[in-house]
2 protein chains.
Amino acid sequence: MPTSTPTSTPTSTARRTPADKHDERRRALADSALRTLGELGYARASLREIANNSEFSHGVVHYYFDDKLDLIVHCVQQYKATCVRRYDDVVEHASTPEGLVEAFAAKLVDTLVDEAPMHRLWYDLRAQSMFEESLREAVLAIDQTLEDMIWRVVRRYADLLGREPAVPSGTAYGMLDGLFQRALLAHLCGSGEVLTSLAAEVRRTMPLLFGAPVAGD
Amino acid sequence: MPTSTPTSTPTSTARRTPADKHDERRRALADSALRTLGELGYARASLREIANNSEFSHGVVHYYFDDKLDLIVHCVQQYKATCVRRYDDVVEHASTPEGLVEAFAAKLVDTLVDEAPMHRLWYDLRAQSMFEESLREAVLAIDQTLEDMIWRVVRRYADLLGREPAVPSGTAYGMLDGLFQRALLAHLCGSGEVLTSLAAEVRRTMPLLFGAPVAGD
DNA sequence: GATAATTCTTGACGATCGTCAAGGCCGAGC
DNA sequence: GCTCGGCCTTGACGATCGTCAAGAATTATC
């Protein structure tokens, strides 16, 4: 229910309060910024370049954000929301352990191809947070979210398998993230076979998390 | 046998040819640069700051190196040489699988504490190489060297265990590197328990690489 | 000890960065 | 229709960057 609604154009209920428009602009700016950041990385993406890739001019950034860091952190949090539920379908629709692993591996490969710029930005930001303390809070929050996301997959796999994971959630995330990061670098270097080998790695690794080698290997 | 040896001061054989001095200066400069890079990261370490942390002035960099990238790449390669043999003792002196894992884990924890700046720099550079193509060759070379280093540990563990690894070398490296990277971030965030939990993770993970859960878990 | 080559310092250049203030644009409200 | 207040552009600011040229300082050579 909007307060102080305008008397004109009451077409739909609770539409377009000024605060909404403000948030919408912030979202649009953050989207442009994410595109530029994914292309140039944290250090080389200037506010002017970010604005050039949007429909606004470079001065507008300081109207919607305090400074560059405020924009970056907002971008990062906005990005988190889009990727945290990426594997929910996989978890939900799997009915066998093998099917889950297969769907998970396929989704990982899709992500590697479709969202490579976003993910190299993520690894860039995580590395920057090792130097810049002001980035750590946002980075750690995302890292925890990603760990939870991976853990939902592992837990579902455990349920389908009827066994308990041999490693805690942080370890599982660290290992799988390491594999993905390696595959991303190879993919960006033009390696084609990395797509199949990442899938193979995941197929082999998931059972290992339960101390069970995959059959026929 | 030095060519065109100076007639004066022939004290020792083939000492201090001009080229040697040149290389020595490059090494000293690269050492200073590595200190600064480890403190500030790739993006924020300027040539002036690097020179300030050395005994030279900022102009001298372009006397010994073509440009900033040339310096960085040389730094990275110099750093590689110091860390690639870090686990050789561990491999050589281990007589049981458990002893090897224990020594390896301890060495990893030592490295995490003692060389944290160097390793966050490494992760920074690897992330930058995802954007900057001119960094990739040097980064990939180091990555391969590190993979080989880890693989020597795993192979030795396999021999002591009398079994074959369940994963190829790249997978083993990716997984362990992921664990180390996670632990480094936690360590830089002031976590104290990460030291013991990294060791525990490694103790648990090494047997998993062979499809064998550690006993009593 | 004079001369030549090497090594290093200094200062400047143009470019680019984040930031901010001044002002124009434009629709809402009286 | 005029005004007023949010929204956005423009242009400038100081700072800092990589790079380089000119010359001082040091070392080597005869």
Side-chain angles (χ1 to χ4, degrees), chain A residues 2-11 15-30 32-33 36-37 40-75 128 132 134-135, chain B residues 2-11 15-30 32-33 36-37 40-75 128 132 134-135:
Chain A
T3 63
S4 72
T5 46
T7 56
S8 61
T9 65
T11 51
R15 275 291 303 259
R16 195 54 61 82
T17 205
D20 285 345
K21 189 150 189 170
H22 197 268
D23 286 356
E24 190 179 305
R25 283 277 192 262
R26 277 170 66 96
R27 165 169 288 273
L29 260 176
S32 296
T36 308
L37 284 164
L40 299 179
Y42 173 75
R44 300 148 57 97
S46 70
L47 294 181
R48 284 173 172 81
E49 192 63 30
I50 288 173
N52 275 351
N53 288 11
S54 79
E55 46 181 348
F56 305 108
S57 65
H58 73 270
V60 84
V61 175
H62 286 87
Y63 185 78
Y64 289 104
F65 297 94
D66 292 343
D67 53 9
K68 188 181 184 179
L69 205 74
D70 186 29
L71 168 64
I72 303 280
V73 169
H74 186 83
C75 285
Q128 296 313 311
E132 182 116 8
S134 41
L135 277 173
Chain B
T3 63
S4 73
T5 47
T7 56
S8 61
T9 65
T11 50
R15 274 294 301 256
R16 192 56 58 86
T17 202
D20 284 346
K21 189 152 190 168
H22 198 267
D23 286 357
E24 190 179 306
R25 283 276 192 263
R26 278 171 64 96
R27 164 169 289 274
L29 260 176
S32 296
T36 308
L37 284 164
L40 299 179
Y42 173 74
R44 300 149 57 96
S46 71
L47 294 181
R48 283 172 173 84
E49 192 62 33
I50 289 173
N52 275 353
N53 289 10
S54 79
E55 47 180 346
F56 304 109
S57 64
H58 71 270
V60 85
V61 175
H62 286 87
Y63 185 78
Y64 288 104
F65 297 93
D66 292 342
D67 53 8
K68 188 180 183 182
L69 205 73
D70 185 30
L71 168 64
I72 302 280
V73 168
H74 185 84
C75 285
Q128 296 312 310
E132 183 116 6
S134 41
L135 277 172

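Here is how names work: the chains are called A, B, and so on, in the same order as the sequence lines, proteins then strands, and each is numbered from 1.
Of the candidate nucleotides D/dC8, C/dC8, C/dT19, D/dC8 has the atom nearest to the side chain of A/F56. With D/dC20, C/dG18, D/dT10 as the choices, the nucleotide that has an atom nearest any side-chain atom of B/H58 turns out to be D/dC20. Side chain of B/H62, nearest nucleotide from D/dC8, C/dC20, D/dG18: D/dG18.
In this model, the phosphate group of C/dC17 is not approached by any side-chain N or O of A/R44 to a distance below 4.0 Å at OP1 or OP2. OP1 or OP2 of C/dT7 lies within a sub-4.0 Å distance of a side-chain N or O belonging to B/Y63. Side-chain nitrogen and oxygen atoms of A/S57 include none within less than 4.0 Å of the OP1 or OP2 phosphate oxygen of D/dC8. The side chain of B/S46 contributes no N or O atom lying less than 4.0 Å from OP1 or OP2 of D/dT16. For B/R48, no side-chain nitrogen or oxygen approaches OP1 or OP2 of D/dT19 to under 4.0 Å.
Closest non-hydrogen pair, A/H58 versus A/A51, comes out as CA-CB, 3.4 Å. Across every non-hydrogen atom of A/A45 and A/T36, the tightest pair is CB-CG2, 4.2 Å. The two residues B/Y42 and B/K68 have their closest heavy-atom pair at O-NZ, 3.9 Å. Nearest heavy atom pair, residue A/Y64 against residue A/R26, reads O-NH1, 2.6 Å.
Whole-Å rounding puts the A/K68 NZ to C/dC20 P distance at 15 Å. When the C1' atom of D/dG18 is taken as reference, atom CG of B/D66 falls 14 Å away, rounded to whole Å. Regarding A/L71, its CG atom lies at a distance of 12 Å from the C1' atom of C/dG18, rounded to whole Å. In this structure, A/L47 atom CG and C/dG18 atom P are separated by 4 Å, rounded to whole Å. Taking atom CG on A/N52 and atom P on D/dT9, their separation rounds to 11 Å, with Å as the unit. If you measure from atom OH of B/Y64 to atom P of C/dT9, you get 10 Å, rounded to the nearest angstrom. The NZ-C1' distance, from B/K21 to D/dA28, rounds to 10 Å in whole Å. Following rounding to the nearest Å, A/L40 (CG) and C/dC17 (C1') show an atom-to-atom distance of 14 Å.
Note that CD1 of A/I72 and CG of A/L135 are 8.0 Å apart. Values are rounded to the nearest 0.5 Å.
Residues A/G59 and A/E49 both approach DNA chain C. Their nearest nucleotides, taken by heavy-atom distance, put A/E49 toward the 5′ side.
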